[in-house]
Amino acid sequence: MLKLTGTLLNIIDKSEYKKEGESLATPVKAKLQILVDEKRANGSITKVLHTISIPDSKIDLYKDKISKEVSVDVGIISKQFSFYGV
């Protein structure tokens, strides 16, 4: 397991996605938007925004941490990685 550390900028609440013409809605997890400093090969620092889905049970852990540094347990998906909360 990995930890992603950065400044929590926003929490996107969980919701439901409903395709046009369908009667069933698909639940969508809450997401954290975290601004992370990433060091480049030449030593310079860039800021990268990551949007990470998290389990419903962990939403309350972050509600009071907007604009503060947080660490989130994450896993990686795909060749060009995306983070997801665990």
A.B. asks: Atom CG in L2, atom CG in D73: separation rounded to 0.5 Å?
C.D. replies: 9.0 Å
A.B. asks: Between P55 and G85, which heavy-atom pair has the shortest distance, and what is it?
C.D. replies: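 Of all heavy-atom pairs spanning P55 and G85, the closest is CD-O, 3.7 Å.
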A.B. asks: Looking only at heavy atoms, which two atoms of T5 and S71 are closest? And how far apart?
C.D. replies: OG1-OG, 2.8 Å
A.B. asks: Mind checking who shares a hydrophobic cluster with Y17, ILVMFWY linked at side-chain heavy-atom distances under 4.5 Å?
C.D. replies: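 Listed partners: V28.
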A.B. asks: I'd like to know if K29 and D56 make a salt bridge, using a cut-off of under 4.0 Å between side-chain N and carboxylate O.
C.D. replies: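 Looking at D56 together with K29, the answer is no, because their closest N to O distance does not fall below 4.0 Å.
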A.B. asks: Got a second to check how far L49's CG is from L9's CG, nearest 0.5 Å?
C.D. replies: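 L49 atom CG to L9 atom CG measures 6.0 Å (nearest 0.5 Å).
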A.B. asks: Is any side-chain heavy atom of R40 closer than 4.5 Å to a side-chain heavy atom of T46?
C.D. replies: yes
A.B. asks: Roughly how far, to the nearest 0.5 Å, is the CG atom of L4 from the CG atom of L32?
C.D. replies: 9.5 Å
A.B. asks: Between atom OG1 of T26 and atom CD of E16, what is the distance when rounded to the nearest 0.5 Å?
C.D. replies: 8.5 Å
A.B. asks: Donor-acceptor check, side chain of K58 to backbone of V86, threshold 3.5 angstrom: yes or no?
C.D. replies: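 Answer holds: yes.
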A.B. asks: Would you give the length of the straight line joining atom NZ of K31 to atom OG1 of T51, rounded to the nearest 0.5 angstrom?
C.D. replies: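 Rounded to the nearest 0.5 Å, the NZ-OG1 separation comes out at 8.5 Å.
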A.B. asks: Without swapping roles, check the side chain of K65 against the backbone of L61 for a donor-acceptor pair under 3.5 Å.
C.D. replies: yes
A.B. asks: Check whether I12 and I54 end up in the same hydrophobic cluster, where Ile, Leu, Val, Met, Phe, Trp and Tyr are linked by side-chain heavy atoms less than 4.5 Å apart.
C.D. replies: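 In one cluster with I12: I54, no.
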A.B. asks: Kindly indicate whether the side chain of V72, heavy atoms from C-beta on, has any atom under 4.5 Å from the side chain of I34.
C.D. replies: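 The answer is yes, as the side chains (C-beta and beyond) meet within the 4.5 Å cut-off.
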A.B. asks: Taking the side chain as C-beta and beyond, is there a heavy-atom pair between L35 and V48 under 4.5 Å?
C.D. replies: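 They are not in contact (no side-chain heavy atoms under 4.5 Å apart), so the answer is no.
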A.B. asks: State which residues pass salt bridge (charged side-chain N to carboxylate O under 4.0 Å, His left out) with K47; sequence neighbours excluded, sorted by chain then number.
C.D. replies: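 By the salt bridge (charged side-chain N to carboxylate O under 4.0 Å, His left out) rule, K47 matches D37.
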A.B. asks: Just wondering, more than 12 heavy atoms not from K3 lying within 6.0 Å of its NZ?
C.D. replies: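 Atom NZ in K3 is crowded, with more than 12 foreign heavy atoms closer than 6.0 Å.
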